[in-house]
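Scroll down for the structure; my scribbles are underneath it.
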Amino acid sequence: MSAQLPRRRFLQASAVGSIACGLPWNALPKVSAQDVQGKNLSVQFAADVEPLVRLLETTPRADVIDVCIKKIQSGLSYEQLLAALQLAGIRNVQPRPSVGFKFHSVLVVNSAHLASMASPDEHRWLPILWAIDNFKSSQAQDERENNWTMSPVDEAKVPSSSTAEAQFTAAMDNWDEAAADSAAAGLARTAGATRIFDQFVRYGVRDFRSIGHKAIFVANAWRTLQTIGWRHSEPILRSLAYAMLNYDGNGSPATRDEIADRPGRENAKRVTEIRDGWLDGKLDDAATVELLEAIRTGTYQDTSALVVQQLNRGIAPQSIWDGMFAASSEMLMRQPGIVSLHTLTTTNAMRFAFDTCGDTETRKLILLQNAAFLPLFRTELTNRGNVGQQRIDQLVPTESNGGVGKAADSLAAIFDSVGKDNSAACSQTLGYLQSGGDVTALMDAARLLIFQKGTDSHDYKFSSAIIEDFYKVSPAWRNRCLAASVFKLRGSRDADNKLTQNAAQALRRTT
């Protein structure tokens, strides 16, 4: 039996080959095998997670919970689903026109994860399933707006390890999106996670645009990477760099003088005024009250300068954080809403950044910037009108029922008041806590009501932040701050959300 002809000889021996070889094809550019297959117009992820990301992207919203539940029942791990959710948001949702709005589907991932970690075993999938449904809503909105997709990085412009950090700094200082994109990829490939966080957080806190969402994104993205693995960092860091360079108007902020940038520029100079040994101060409740009053009435320059003075007087940073958490909680009481809510989620992110950052000068800047942002938040509230006069240091507790057998009744009464009479719920909560009520039981009840009745990303972002912050605040202030949070929690009278119902129906269909 004769051997097969090689492909080239076969073509030359056939009629088709004779025609093909008789034409001047060399006059045309060559077409490679890769060109024939086509180029990827979007960034691609690791081979083991890409199919799951595509599944989330392409499955209709009406079907995605059923599909995910079937995958979970077939062995899909929590970590795999969390990674796919974060990456699907990064690839499909643009952090424009602001680092907020539809982009909350990305910002909320870590908050949903925190809720899952703190939940009973039987509820742990609910926050992630809710976040997946929320992603599908944001994806649809992005498609209606401009159908943005993250593109692959320009490999020719990715810097080496020796120049990546300098290029990133220059790009961020100059608000250069293209250069920052390639530099972020270079850092992800060559730098250590801690060093990268220090670099990114400095730019996440530098300006007040998007009411704190830049700092929130830095903190939440880094925390999510600690769970899903640093191998997924490159696209996430590219998204971070892009988000932090968001601004409105004509011309780079590097060449303009805007209120959003002034605190950062001024505080970069103020950090040099802080004494050596500033971390070794003493707790001082009077200093907390002093800062709280300054935030109520002063300018951002006043509050920043006061923090420098307090540190130089030997006041502990903890007392300063107490003042900022108390002021944020008070603003929530005075005007419950989207702006005041972000005083707390921003302060939560800033405190995480302060605790995590390894660079001393950046830690000083974080402290001063948070103090500066709160008067700017206060101005935003004033511009919206109807600001109350409540004072967190003058809250009066309602007498709790007390007693072991009365704890459930007390919690039921609190959450019955939430949404109906928040001032009463606040006083009831303070009374419950001051009489020795179980704070864990209170947090669990609040969290389960979010699962059952939450309809917005902020339900998860806010509740995860205030629950986490309880132990970040000194004992003298923590009960008051947690009591104030009821102004934006969910109450037992609120309507149930559809996601929990749909997930239950999907489970019944698949079991």
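Bear in mind the structure is a predicted one, so any value in this text is a computation, not a measurement.
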Glu165 and Arg195, any side-chain heavy atoms less than 4.5 Å apart:
yes
Ring-face cation of Arg223 near Phe352 (centre distance under 6.0 Å, axis angle within 45°):
yes
Residue pairs passing the ring-ring contact (aromatic ring centres under 6.0 Å, His included) test with at least one member in residues 256-275, sequence neighbours excluded, are none
Exam field: side chain Asp459 to backbone Asp456, donor-acceptor pair closer than 3.5 Å:
yes
How far apart are the C-alpha atoms of Asp257 and Arg262, what are their side-chain angles, what is the distance that settles it, and do they pass the salt bridge (Lys or Arg N to Asp or Glu O under 4.0 Å) test?
CA-CA 7 Å; Asp257 179 29; Arg262 289 173 197 161; 3.1 Å; yes
For His123 and Ser119, the nearest pair of non-hydrogen atoms, with its separation, is CB-CB, 4.2 Å
Which heavy atom in Pro235 sits nearest to a heavy atom in His232, and how many Å separate them?
CD-O, 3.5 Å
Just by distance, with hydrogens left out, do Asp154 and Ser182 show a side-chain donor and acceptor under 3.5 Å apart?
no
A quick test of your reading: do over 12 heavy atoms of other residues, nucleotides or ligands sit less than 6.0 Å from CZ of Phe101?
no
Nearest 0.5 angstrom please: Trp321 CH2 to Asp355 CG, how far?
7.5 Å
Side chain Ser116, main chain Arg124, donor-acceptor under 3.5 Å:
yes
side-chain contact (heavy atoms from CB on, under 4.5 Å), that's the test. Do Ile320 and Leu311 meet it? Break it down for me.
CA-CA 9 Å; Ile320 293 169; Leu311 291 172; 3.6 Å; yes
Taking the six-membered ring of Tyr242, is NZ or CZ of Arg96 closer than 6.0 Å to its centre and within 45° of its axis?
yes
Once you round to the nearest 0.5 Å, how far does CH2 of Trp278 lie from CG of Leu367?
6.0 Å
For Gln139 and Glu57, which heavy atoms make the closest approach, and how far apart are they?
NE2-O, 3.1 Å
Could you give the distance from CG (Asn220) to CG (Leu225), rounded to the nearest 0.5 Å?
11.0 Å
Determine yes or no for a side-chain-to-main-chain donor-acceptor pair under 3.5 angstrom, with Asn174 supplying the side chain and Ala254 the backbone.
no
Quick test of your reading of the model: are Asp48 and Arg231 salt-bridged, counting only N-O distances below 4.0 Å?
yes
Salt bridge (Lys or Arg N to Asp or Glu O under 4.0 Å) evaluation trace for Glu380 with Arg384
CA-CA 7 Å; Glu380 292 281 340; Arg384 291 176 176 240; 5.1 Å; no
When you look at Thr149 and Asn92, which way does the side-chain hydrogen bond (donor to acceptor under 3.5 Å, both in side chains) test go after all the steps?
CA-CA 5 Å; Thr149 304; Asn92 292 275; 4.9 Å; no
Would Arg189 pass as a cation-pi partner of Trp230, given that its NZ or CZ must be under 6.0 Å from the six-membered ring centre and within 45 degrees of the axis?
no
Of all the heavy-atom pairs spanning Asp198 and Gly358, show the shortest one and how long it is.
OD1-N, 3.0 Å
Any heavy-atom pair between the side chains of Ser210 and Ile216 that's under 4.5 Å?
no
Contact between Ile69 and Asp66 at the side-chain level, heavy atoms closer than 4.5 Å - yes or no?
no
In Å, rounded to the nearest 0.5 Å, how long is the span from CE of Met443 to OG of Ser464?
11.5 Å
Leu76 and Leu52, any side-chain heavy atoms less than 4.5 Å apart
yes
When you measure from the side chain of Thr303 to the backbone N and O of Ala371, does any donor-acceptor pair fall under 3.5 Å?
yes
Evaluate side-chain contact (heavy atoms from CB on, under 4.5 Å) for Ser137 paired with Asp133, printing each intermediate quantity in order.
CA-CA 7 Å; Ser137 175; Asp133 180 76; 5.8 Å; no
Does a donor on one side chain and an acceptor on the other come within less than 3.5 Å for Ser98 and His213?
no
Step through it carefully: locate the ring centre of Phe208, locate the ring centre of Phe377, and say whether they are under 6.0 Å apart.
yes
Please confirm whether the backbone N or O of Trp148 pairs with a side-chain atom of Asn146, one donor and one acceptor, at under 3.5 Å?
yes
Could you check whether Arg363 makes a cation-pi contact with Phe354, meaning its NZ or CZ is under 6.0 Å from the centre of the six-membered ring and within 45° of the ring axis?
yes
Does Thr379 use its side chain to pair, donor to acceptor, with the backbone of Pro375 at less than 3.5 Å?
yes
Working note: Ser474 + Asp322, criterion side-chain hydrogen bond (donor to acceptor under 3.5 Å, both in side chains); need CA distance, chi angles, decisive distance, verdict.
CA-CA 7 Å; Ser474 295; Asp322 288 342; 2.5 Å; yes
When you check the gap from the basic side-chain N to the acidic O, do Glu330 and Arg480 get nearer than 4.0 Å?
no
Is a side-chain donor or acceptor of Thr299 paired with a backbone partner of Asp302 at a separation under 3.5 angstrom?
yes
Under 3.5 Å, is there a donor-acceptor pair between the Ser138 and Gln141 side chains?
no
Side chain to side chain, Cys68 and Ile132, heavy atoms closer than 4.5 Å:
yes
Salt bridge check: are Arg238 and Glu234 linked by an N-O gap of less than 4.0 Å?
no
Under 30°, 30 to 60°, or over 60°: which ring-plane class applies to His342 and His458, parallel, tilted or perpendicular?
perpendicular
Do Arg270 and Glu273 meet the salt-bridge criterion of a basic N to acidic O distance under 4.0 Å?
no
Report yes if some heavy atom in the side chain of Leu368 is under 4.5 Å from a heavy atom in the side chain of Val308; otherwise report no.
yes
Heavy-atom check, side chain of Ser151 versus side chain of Val43, under 4.5 Å
no
Donor-acceptor pair, Gln94 side chain versus Asp142 backbone, under 3.5 Å?
no
For the side chain of Thr59 and the backbone of Val64, is there at least one donor-acceptor N/O pair under 3.5 Å apart?
no
Tyr460 ring center near Trp130 ring center (under 6.0 Å)
yes
Testing the basics here: between Pro253 and Asp261, what is the closest heavy-atom pair and its distance to 0.1 Å?
CB-OD2, 3.8 Å
Evaluate the side-chain contact (heavy atoms from CB on, under 4.5 Å) criterion for residues Leu374 and Thr343: first the C-alpha distance (whole Å), next the side-chain angles of each, then the deciding distance (0.1 Å), finally the verdict.
CA-CA 7 Å; Leu374 291 175; Thr343 65; 4.1 Å; yes
Is Arg378 reaching over with its side chain to a backbone N or O of Ile295, donor-acceptor style, under 3.5 angstrom?
yes
Atom pair OG1/CG of Thr255 and Asn250 - distance to nearest 0.5 Å:
10.5 Å
For the atom pair OG (Ser485) and CZ (Phe462), what is the distance rounded to the nearest 0.5 Å?
5.0 Å
Apply side-chain contact (heavy atoms from CB on, under 4.5 Å) to Trp175 and Tyr247, showing your working.
CA-CA 9 Å; Trp175 297 75; Tyr247 65 89; 3.6 Å; yes
Write down the atom of Val387, the atom of Leu381, and the distance for their closest heavy-atom approach.
CG2-O, 3.5 Å
Sidechain N-carboxylate O distance under 4.0 Å for Arg209, Glu258:
yes
If you measure from the Lys or Arg side-chain nitrogens to the Asp or Glu carboxylate oxygens, is any gap between Asp444 and Arg447 under 4.0 Å?
yes
